[in-house]
S.K.: 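What follows is a structure written as structure tokens; I'll ask about it next.
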Amino acid sequence: MSEIPKAYEPQSVEDKWYAFWQQHDCFKADPARVTERRPAYSIVIPPPNVTGVLTLGHVLNNTIQDILARKARMEGKEVLWLPGTDHAGIATQTVVERTLKKQGAIKHRDDLGREKFLEKVWEWKEKHGGIIIQQLKKIGASCDWSRERFTMDPEYSRCVQHVFVDLYRKGLIYRGKRMVNWCPASLTALSDEEVVMQEQKGSLYYFKVEVVEEPGTWLTIATTRPETIPADTAVAVNPKDPRYARLIGKHVRRALPIENQAHLPIVADDHIDPEFGTGVLKVTPAHDRADFDIGLRHQLPVIDVLNANGTMNDLAGKDLAGLDRFAARKKAAEILEAHGTLEKAEPYANNVGFSERAGVPIEPRLSEQWFLKYPATQSSQSCVAQGSLRFHPDRWAKVYDHWMAGIQDWCISRQLWWGHRIPVWTLEKGSDRRAGFDAKFAAQLGGTSPGATTTAHRFSFSGGSGAESWVRFNADNGSIHAATLSAAEEAKLVELGFVQDPDVLDTWFSSWLWPFATMGWVGESAKDNHNATLKAFYPTADLVTGPDIIFFWVARMIMAGYEFMGEMPFRNVYFTGIIRDKQGRKMSKSLGNSPDPLDLVSKYGADALRFGVMRSAPLGQDVIYDELNVELGRNFCNKLWNACRFRQMQGGDVQAEIRPDLLTNDDRWILLRLDQALREIERAYEAYRFSEVTQTLYRFFWSEYCDWYVEASKAAFFGEDTAIRANKLAVIDFVLSHTLRLFHPFLPFITEELWHGLGYAADMPAQQGGLTLMTAPWPQPLNEDEKLEWGLEESVDQVANAKIELVGLGRNLRALSNVPANKKVRFVIRPSGDLPDAELATLRLLLNADPLERATPDWKPEKGTAMVSNNLADLYLPLAGLIDTAAERSRLGKELEKVDAEIAKVQEKLANPNFTQKVPAKVLQEHQQRLLDWQTKKQQILGALANLPE
RNA sequence: GCGCGCUUAGCUCAGUGGUAGAGCACUUCCUUCACACGGAAGGGGCCGCAGGUUCGAACCCUGCAGCGCGCACCA
């Protein structure tokens, strides 16, 4: 740092240090180093999508993790920050398929077939995957990259399969025919969590149907979905509704399709709200969850009129068949209209479930899927409720609790190719090979029909040792399922005519294992018990994530942790805010309101981005993003840079011993302020209040250290006393070396550069800051001995504050007198007590006074000399004629009013016996002191007023 | 519909019972030998509204309003 540039230039610094840290394995975690004195600290990264790109949300999230990791390292912990990515089943498959279509390579993925298509996805992953990892490195993330994991890694996939088979064996995973959320765009089932309700503006159609048994009697029905009329199998009314009671049990003629107007029963069901619409509901069991339940209660047939892709099938009738569901809706209304059975259509807004990913309305659809009954729900719910696993901010605990209390089985199968293939082989009832299978194995399996057993039966078809399958019977359809991890079993099952399930598992079914699957867990206790990484680093300390995935991921990880590790996966969860733009909208690609973090890095520097984002991210609140904050971060880095540059320009020994006997009041003051800042920062960290940490750092460094202490020190640096000068350098080194360490978790690059540039690294042992600031000891508040030795008492603050106040008053006087800021003027000072020459020199510098004369005892200001005073001194600016008398008089007048008001307020309180008798002694004393202070102030103002010219 | 959160200076936000704060923005002065990505001085607030508790309320309680977010099968 011999030739320091005037402004900080991040580009030349960042890559250099990141490479250095990696070269020296600074991010690597070694479980062998963990001891009682060197505890482990671990975080697992929320895995971003492997083909994703960095967003501001990632910056916020990962900067917080980096801050936690870096601070823990400096505290002497063995830190593992475990990185990786997930395979994002639907998103990735959709992107690849769309791209191939665009290229004209295929019309549909079937053109390629499963294997060839998956090859293409892997190619895509190799090409685009890992971009986000490189981006994380750019912002300084100190992850142990040697342990990077991907949810589709062979070992990880093995964990997923293992967990599936384990839960299947336990009877928690079952095959069932249910109403699921079907995405007509992605052509797969979704879990409830992947469906978001959105208000949609549409119409409520009122149409009428005739009662078969009473020609001429018509019932009017309200519906938002007339296109599903062909799928109606009943109409329902509330049994208590007098309007329709006599019609229950009779029939109506279904309106559509025209060529097939079937007779539908009128049934009575409590679900119907007589107040809504006409009180008559069309029952469509195939296309509505509630209707499906009504259908079950009344044994209604199910007619499915929709294809998987959302178009109408032949059962919808010739008018609608082939049409998209939305076109069919219009068409159906038109047909009703044409036949005179549409009474009206009124504008109507209702909530419709949308596929979170594809953005299209989902279809409730009856289909066979794999479901999971969540494991370990009790311990998972109670650990948060009782606070042994803590959420920050804790209000999320309530949201979590509510969800856990009403938890529904999880639909885990997806009709996709990209993902973990379900390790189940099925032999259907009535298939070619079934009879042969039954004949051969029924006896050994204790029966091969539904009802024989629904619990999993352990069996080895291949006969190999350790090769086992878990066999269960599907009560719904009589097929036989065999789940296995064994290749030998798989081969044998195929030979027996079993067919592997074509579906893959929900991506979250792999992510929920993240905290231990990434640490090499295999699910065999013999091996897991000897896994040093797991032993040292599980459970992890903190999880940092967004509240939007609390159910998707956080809750499920907790359950998986208890189920497979017997312990919670993390002790604290920090929920970040959501980053929004200035209009409060979420950042999104489609809105184009999401800046590229790397652009910001090249424009302002990584540290600036980190600081800016952290500074504007209060705990528990969404973050309104404004580039100004990043600019502020850059400015701050520049300030830090220049403050260090100033230190370097003073030369002298680095980190000399501080001599207590030479400390000035300013020195003691800044040491006290540092101590105060250290304490505040520690408290803020404990409460995960990161923006408060940045604010304290900012205030201490900029307002206290630079604006006051450094400026005041210049008197000594330009002065003659070399001993004082050297001692001030020692104080500065003490403060700066602490400051750089404090800043390092937020600003890793610039602090490392300055740490070395100022020579602070040179004196330290290699592992304690000598090699890198990353491992320098975390600053501790001063202890009582140090404070005593350095004379850091309360009076130090009082003197400093009086000086600050006097300088402020004096500068204000200059401004009012229209003295340009750069012009030196004569001041006269009359101190009220002792005022050493050194202090006088400081005041002279800060007031830009020349000369600053001590008033002799008999000196009297000329009439008209402007003056200010406080406890420290009276200060005169003898510039008769220059001062704007009227302005000064008016200012002092306003000041006086304010002081009088304050005096009145305090006096009123003190005069109130209720107050004086009830209030604690300390508060009473404070008020009495305040009254004295204001009264003194008033005298000072009156003095200044009296001094003004006529 | 139920639940949660927010409402303080023009903007973004601190402030959990005792003198209303910060940063940015704004006005004025200053390119003074760390920094104009800077320095100095200054203006600006019935703390969403209405009640209550208290000697004392931005803070505690109740109600209301506006905004945001969860959860919920009203067709």
Side-chain angles (χ1 to χ4, degrees), chain A residues 4 6-8 179 197 204 221-225 236 271-273 275-278 280-284 288-294 348 350-351 353 364 393 395-396 398-399 402-403 406 547-548 550-551 578 580 582 584 604 608 615-616 618 620-626 628-629 631-650 689 691-692 695 698-699 702-703 706-707 710-711 714 718 807-808 811-816 818-824 846 848 891 902 905-906 909 912-920 922-924 926-927 930 933-934:
Chain A
I4 320 181
K6 205 168 158 180
Y8 172 56
M179 290 298 278
M197 299 306 275
L204 190 59
I221 304 174
T223 180
T224 54
R225 300 199 64 184
H271 170 261
I272 283 77
D273 174 5
E275 304 295 316
F276 188 89
T278 60
V280 184
L281 173 72
K282 72 193 237 347
V283 183
T284 324
D288 185 284
R289 273 180 191 228
D291 288 9
F292 181 74
D293 293 337
I294 296 174
Y348 187 71
N350 64 336
N351 287 325
R395 63 189 163 87
W396 292 109
K398 228 178 211 177
V399 176
H402 185 241
W403 186 76
D548 47 338
I550 184 168
F551 310 137
I578 310 253
R580 298 174 182 281
K582 275 185 259 185
Y604 299 104
R615 194 172 180 286
S616 54
Q621 304 295 356
D622 286 352
V623 182
I624 308 289
Y625 170 77
D626 188 335
L628 281 173
N629 283 310
E631 194 180 324
L632 181 98
R634 179 200 55 181
N635 295 354
F636 187 77
C637 288
N638 192 55
K639 189 73 177 178
L640 181 60
W641 181 259
N642 274 289
C644 290
R645 187 162 161 253
F646 174 77
R647 162 63 186 94
Q648 214 206 19
M649 289 167 79
Q650 303 313 314
R689 303 170 75 106
S691 69
E692 208 168 295
Q695 273 169 31
Y698 190 100
R699 188 207 65 222
W702 201 310
S703 307
C706 289
D707 285 351
V710 171
E711 291 307 319
K714 285 177 181 173
F718 300 153
V807 168
R811 284 168 170 173
N812 184 236
L813 213 52
R814 289 179 61 112
L816 285 160
N818 296 313
V819 180
N822 61 342
K823 190 179 176 197
K824 292 192 190 311
L846 296 173
N848 201 19
R891 184 187 73 89
E902 292 296 343
K905 236 160 66 181
V906 185
K909 276 192 178 181
N912 182 353
N914 256 333
F915 177 77
T916 48
Q917 282 161 24
K918 288 185 180 172
V919 100
K922 184 172 164 254
V923 175
L924 182 62
E926 270 171 21
H927 279 73
R930 199 185 303 159
D933 291 346
W934 284 122

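In the text below, chain A, chain B and the rest are named by the order of the sequence lines, each starting its count at 1. Here the structure is a predicted model, which means the values were calculated and not measured.
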S.K.: When the P atoms of B:rA65 and B:rC73 are considered, how many whole Å apart are they?
M.R.: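 The same atom, P, in both gives a distance of 26 Å.
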S.K.: Please determine if a side-chain N or O atom of A:Arg811 lies less than 4.0 Å away from the OP1 or OP2 oxygen of B:rA41.
M.R.: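 For B:rA41, OP1 or OP2 has a side-chain N or O of A:Arg811 closer than 4.0 Å.
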S.K.: Would a distance-only check, ignoring hydrogens and angles, find a side-chain to backbone donor-acceptor pair under 3.5 Å from A:Arg930 to A:Glu902?
M.R.: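 No; zero donor-acceptor contacts below 3.5 Å.
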S.K.: What is the distance from CZ of A:Arg645 to C1' of B:rC37, rounded to the nearest Å?
M.R.: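 It works out to 13 Å between those atoms.
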S.K.: Between A:Asn642 (side chain only) and A:Lys6 (backbone N and O only), is there a donor and an acceptor less than 3.5 Å apart?
M.R.: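 The answer is yes, because a donor-acceptor pair under 3.5 Å joins these two groups.
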S.K.: Picking from B:rG18, B:rC55, B:rA34, which would you name as closest to the side chain of A:Glu926?
M.R.: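 So the side chain of A:Glu926 is nearest to B:rG18.
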S.K.: Under the side chain to side chain donor-acceptor pair (under 3.5 Å) rule, collect the residues that match up with A:Lys714, sequence neighbours excluded.
M.R.: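 A:Lys714 satisfies side chain to side chain donor-acceptor pair (under 3.5 Å) with A:Glu711 once adjacent residues are dropped.
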S.K.: Indicate yes or no for a side-chain donor-acceptor contact from A:Arg814 to the backbone of A:Asn848 under 3.5 Å, with no hydrogens or angles considered.
M.R.: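 Such a contact is found between A:Arg814 side chain and A:Asn848 backbone.
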S.K.: What distance, rounded to whole Å, do you find between the two P atoms, one in B:rG66 and one in B:rC61?
M.R.: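 These two P atoms come out 22 Å apart once rounded.
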S.K.: Report yes if some heavy atom in the side chain of A:Arg811 is under 4.5 Å from a heavy atom in the side chain of A:Val807; otherwise report no.
M.R.: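 With C-beta onward as the side chain, the pair touches.
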S.K.: Hunt down the Watson-Crick or G-U wobble partner of B:rG38, both distances under 3.5 Å, from any strand shown, or write none.
M.R.: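 Answer to the pairing question: B:rC30, which forms a Watson-Crick or G-U pair with B:rG38.
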S.K.: May I have the distance from A:Ile550 (atom CD1) to B:rG3 (atom C1'), rounded to whole angstrom?
M.R.: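 Rounded to the whole Å, the gap is 14 Å.
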S.K.: Quick one: label A:Pro364 by what it contacts on the DNA or RNA (base, sugar-phosphate, nothing), any heavy atom closer than 4.0 Å.
M.R.: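 No contact.
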S.K.: Taking only the side-chain heavy atoms of A:Lys905 (C-beta and beyond), determine which of B:rU19, B:rA34, B:rG42 contains the nearest atom.
M.R.: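 Closest of the options to the side chain of A:Lys905: B:rU19.
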S.K.: Roughly how many Å apart are B:rC24 and B:rG39, using the P atom of each and rounding to a whole number?
M.R.: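 Taking atom P in both B:rG39 and B:rC24, they lie 9 Å apart.
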S.K.: If the plane angle is over 60° it's perpendicular, under 30° parallel, otherwise tilted; pick one for A:His927 and A:Phe915.
M.R.: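 Rings of A:His927 and A:Phe915: perpendicular, as their planes differ by over 60°.
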S.K.: Is the backbone of A:Tyr625 close enough, under 3.5 Å, to the side chain of A:Arg580 for a donor and an acceptor to pair up by distance?
M.R.: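 Absent.
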S.K.: Could you give the CZ-to-C1' distance, from A:Phe915 to B:rC55, as a whole number of Å?
M.R.: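 Answer to the nearest Å: 7 Å.
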S.K.: Could you tell me whether the phosphate oxygens of B:rG38, OP1 or OP2, come under 4.0 Å of any side-chain nitrogen or oxygen in A:Asn635?
M.R.: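 For B:rG38, OP1 or OP2 has a side-chain N or O of A:Asn635 closer than 4.0 Å.
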S.K.: Distance check, C1' atoms only: B:rC6 and B:rC13, in whole angstrom units.
M.R.: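 Their C1' atoms lie roughly 12 Å apart.
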S.K.: Rounded to whole angstrom, note down the C1' distance from B:rC37 over to B:rC4.
M.R.: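 Per the computed distance, 41 Å lies between those C1' atoms.
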S.K.: Using atom C1' of each nucleotide, how far apart are B:rU53 and B:rG44 to the nearest Å?
M.R.: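 To the nearest whole Å, 33 Å.
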S.K.: The side chain of A:Lys639 is closest to which nucleotide in this list: B:rC37, B:rG39, B:rA14?
M.R.: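 Nucleotide nearest to A:Lys639's side chain: B:rG39.
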S.K.: Tell me the partner of B:rG5, counting only Watson-Crick (N1-N3 plus N6-O4 or O6-N4) or G-U wobble (N1-O2 and O6-N3) with both under 3.5 Å; none if nothing fits.
M.R.: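 By the stated definition (distances under 3.5 Å), B:rC67 pairs with B:rG5.
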S.K.: Work out which heavy atom in A:Arg289 is nearest to a heavy atom in A:Pro364; give both atom names and the distance.
M.R.: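 Distance-wise, the nearest heavy atoms are N-CB, 4.3 Å.
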S.K.: What is the distance from CG of A:Asn638 to P of B:rG39, rounded to the nearest Å?
M.R.: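 Distance, rounded to whole Å: 10 Å.
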S.K.: Who is the Watson-Crick or G-U wobble partner of B:rG18, with both distances under 3.5 Å?
M.R.: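 B:rG18 is paired, partner B:rC55.
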S.K.: To the nearest Å, give me how far apart CG (A:Asn818) and C1' (B:rA40) are.
M.R.: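 From A:Asn818 CG to B:rA40 C1': 14 Å.
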S.K.: Taking C-beta and beyond as the side chain, do A:Leu281 and A:His271 meet within less than 4.5 Å on heavy atoms?
M.R.: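 Yes, their side chains come closer than 4.5 Å.
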S.K.: Should B:rA75 form a Watson-Crick or G-U wobble pair with both distances under 3.5 Å, which nucleotide is its partner?
M.R.: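 Paired with B:rA75, as far as the under-3.5 Å criterion goes, is no nucleotide at all.
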S.K.: Contact class for A:Cys706 vs. all strands (heavy atom < 4.0 Å): base, sugar-phosphate, or nothing?
M.R.: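 The answer is base, as A:Cys706 lies within the cut-off (heavy atoms under 4.0 Å) of a base atom.
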S.K.: Return a single string for nucleotides 68-75 of chain B, one symbol per nucleotide in 5' to 3' order, where B is base contact, S is sugar-phosphate-only contact and - is none, cutoff 4.0 angstrom on heavy atoms.
M.R.: -SSSBBBB
S.K.: Minimum heavy-atom separation for A:Thr224 to A:Leu204, with atom names?
M.R.: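 Closest approach of A:Thr224 to A:Leu204: CG2-CD1, 3.8 Å.
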S.K.: Of all heavy-atom pairs between A:Tyr8 and A:Cys637, which one has the smallest distance, and what is that distance?
M.R.: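 For A:Tyr8 and A:Cys637, the tightest heavy-atom pair comes out as CD2-CB, 4.0 Å.
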S.K.: Looking at A:Lys714 and B:rA34, is any side-chain donor or acceptor paired with a base atom of the opposite kind under 3.5 Å?
M.R.: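 Result: at least one qualifying N/O pair found.
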S.K.: For each nucleotide in nucleotides 22-30 of chain B, reading 5' to 3', give B when a protein heavy atom comes within less than 4.0 Å of its base, S when such contact involves only the sugar-phosphate, and - otherwise.
M.R.: -SS----SS
S.K.: Please report, rounded to the nearest Å, how far the P atom of B:rG56 is from the NE2 atom of A:His927.
M.R.: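 A:His927 atom NE2 is separated from B:rG56 atom P by 13 Å.
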S.K.: Please answer whether the main-chain N or O of A:Ala7 pairs with a side-chain N or O of A:Asn638 as donor and acceptor at a distance below 3.5 Å.
M.R.: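 No, because the side chain of A:Asn638 does not come within donor-acceptor range (under 3.5 Å) of the backbone of A:Ala7.
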S.K.: Given the P atoms of B:rC26 and B:rG56, what is the spacing between them in whole Å?
M.R.: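 Their P atoms lie roughly 43 Å apart.
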S.K.: For A:Ala815 and A:Val710, take the nucleotide of RNA chain B holding the closest heavy atom to each; which residue's nucleotide lies nearer the 5' end?
M.R.: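 Result of the comparison: A:Val710.
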S.K.: Can you tell me how far C1' in B:rU54 sits from the matching atom in B:rG17, rounded to whole Å?
M.R.: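 Taking atom C1' in both B:rU54 and B:rG17, they lie 9 Å apart.
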S.K.: Take atom NZ of A:Lys909 and atom P of B:rU19, then tell me their distance rounded to the nearest Å.
M.R.: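 Distance, rounded to whole Å: 7 Å.
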S.K.: When both hydrogen-bonding distances must be under 3.5 Å and the geometry is Watson-Crick or G-U wobble, what is B:rG23 paired with, if anything?
M.R.: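 Across all strands, the one nucleotide that pairs with B:rG23 is B:rC11.
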